[in-house]
Amino acid sequence: MPSAPPSNAVIADALDELGDLYELDGAIVHRVVAYRSAAKAVREASVSVATLAAEGRATELAGIGKTLQEKIQALAATGEIPAAVKLRAKFPPGLIALTRLPGLGPKRARMLHSELGIDSPEALEQAARAQRLRSVRGLGPKFEANMLAALQTQRERPEGRGGRVILPRALELGEQIVAGLQDLGGRGTHVELAGSVRRLADSVKDLDIVATTTRPTALARGLAKLDEIESVSSAGKAGARGRTHAGIDVELRIAKPSQRGNLLQHLTGSGRHNAALREAAVRRGLHVSEYGILDDATAGTLECATEREVYERLGLAYIEPELREDRGELEAAASAGGLPRLIELGDIRGDLHSHTTASDGHNTIEEMGRAARERGYEYLAITDHSASHGFGDDVSPEQLRRQIELVRDADARLEGIQLLAGSEVNILPDGALDYDDELLAELDWVIASVHTSFGSSEQAMTERIITAIEHPLVRAIAHPTGRLIERRQPYAVDLEAVFAAAARSATMLEINANPDRRDLSDLNARAAARAGVTIVIDSDAHRTATLANMRWGIATARRAWLRSEDVANTRPWAELRRGA
DNA sequence: GCCGTTTTCGGCCCGACTGTTTTCAGTCG
């Protein structure tokens, strides 16, 4: 190996770019789609695709054939894919930026380039202002106005993701709107959330809502009356579109009760799940849409009042919304082995990561213990930050000794729940911990995590974390990648190596349930479990109320296909305590 | 470019909306 092989993210980006370039080049849409789905397969693969390709095994991934494997091999060997180099010379980079504007796709971008020499958003703006776009066949004044508006919007919003919000905010907003519509509709009306918010995704771009009602036009018009809604762009008997004050688009669709299952299934998505579902159905002579399932054999359309009927008619077991990401759920739903029985919030017996006023928490040990007991837990680990934590919230070795006593006292006072003396110990840049082993040995539970030096090299970070994993007193690693959803990328770390080390030393990896983290992510948690790692799901609560964050960790675990038996804290503490 | 109870060629999910058009292409989800 001359140098480190390209990461899956780098390969996926290269395939996406090549798809964009081929699209501009006028390739048939299916070829472009092939590049995009290959990019998704690479991005979501749990092992190094460059390594697979070197062994000639990348074709084992769905959507990657001989040609794409060769392109990946070229990328690994030379850092470039020859076809991309060639096409980049033909189409300036600003042209791909143009296709990111709503209403401007590859066909129009190509025409604007060839006929007017437009090669950037700036050039587009000038031409639109000079009313030169209307000289192109198929484009008119309205298109010019739309482009100027789109460019304006793009300027006002910071680069990249346009107004995505994390799940709890989206769910709260969505539930308020659903309740508002339900009130307006009254009896004979049923309103529910669909889309990515129903799939409990990390973050959400827009809200999809499904309703059945006896008065569709009135309900659709009612959307505009809700406090959360800033504006409504259209409303009719089929539904309405609007936007919230928070800048989240809302789509309300109204179905006949007999088609509610079809519409709910369609609008819940994901788009890729639906595309794969429909492609598989076509092979059986069935055509799926939000209105029903058209059977070639009878020329009849089957309407489904429930989603279960939709899946059943297609010969599939019911698929939980959290699994609908085209990550193998359709194959599993069609097979004898079937889908896993997913973990539920009620399976959780305890929480093994929480903070108190000893560090940066807002409640006392006893308050946290009572709140955990009210949630029905059998145990709660008090894991304040350690000796090198900043912000004046560090806990010195002396303070930790005192804290252990306080936890023992509170445990003795509190009936019905076991309080565990623990610590969230910082992993220092060299992999060492910031308490002596002698002190750590007095704790019931040690969870270790990275809070500093995020910018280390991948190799240094990987060695650092593996050193902590192999420490005999460390039971688990908290928020293993350090990501903050929509705010901070994970630090560079070789997760394949981390998972192997964790499996080998029986150290658990956490799904941190803080909704800004959800770290491990769904894909990473699934890969970890497949590698033989035991997962622990913790709230990382800093006050009594945020013990309830556990639900977001469960959401991630379900999206990771985890069952109760894959997760440590579904078991009694007696089974988890060291040596048991 | 991928893939096969259509298996090495000829297909490849479905429908809505928009703006521009006299019947539809392009874009989007």
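Because only heavy atoms are used, hydrogens play no part in the values below, and waters and symmetry mates are left out as well, while side chains stay in.
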Yes or no on side chain to side chain contact (heavy atoms under 4.5 Å, CB included) for A:V310 and A:L264, after CA distance, side-chain angles and deciding distance? CA-CA 10 Å; A:V310 176; A:L264 186 59; over 6 Å; no

Answer with yes or no whether the side chains of A:R278 and A:H266 bring together a donor and an acceptor at under 3.5 Å. yes

The nucleotide from B:dC12, B:dT20, B:dC14 with an atom nearest the side chain of A:P141 is B:dT20

Could you check A:N524, A:T556, A:N514, A:T481 and say which one makes a side chain to side chain donor-acceptor pair (under 3.5 Å) with A:D519? A:T481

Could you measure between the two P atoms, the one in B:dT20 and the one in B:dC28, and give it in whole Å? 15 Å

Select base, sugar-phosphate, or nothing to describe what A:R284 touches, counting heavy atoms under 4.0 Å on all strands. nothing

At under 4.0 Å between heavy atoms, what does A:N146 touch on the DNA or RNA strands: base, sugar-phosphate, or nothing? sugar-phosphate

Check: A:R129/A:Q126 side-chain N/O donor and acceptor closer than 3.5 Å: no

Touch class at under 4.0 angstrom, heavy-atom based, for A:I28 against every strand present: base

For A:L267, answer base if it contacts any base atom (sugar-phosphate contacts may also be present), sugar-phosphate if it contacts only those atoms, and nothing otherwise; contact means non-hydrogen atoms under 4.0 Å. nothing

Any base atoms under 4.0 Å from A:L263, or only sugar-phosphate, or nothing? Heavy atoms, all strands. nothing

Base, sugar-phosphate, or nothing: which does A:G105 touch, judged by heavy atoms less than 4.0 Å apart? sugar-phosphate

When all nucleic acid strands are considered with a 4.0 Å heavy-atom cut-off, which category describes A:V288: base, sugar-phosphate, or nothing? sugar-phosphate

Would you say A:H287 places a side-chain N or O within less than 4.0 Å of OP1 or OP2 belonging to B:dC14? yes

I'd like the P distance from B:dT21 over to B:dA25, given in whole Å. 14 Å

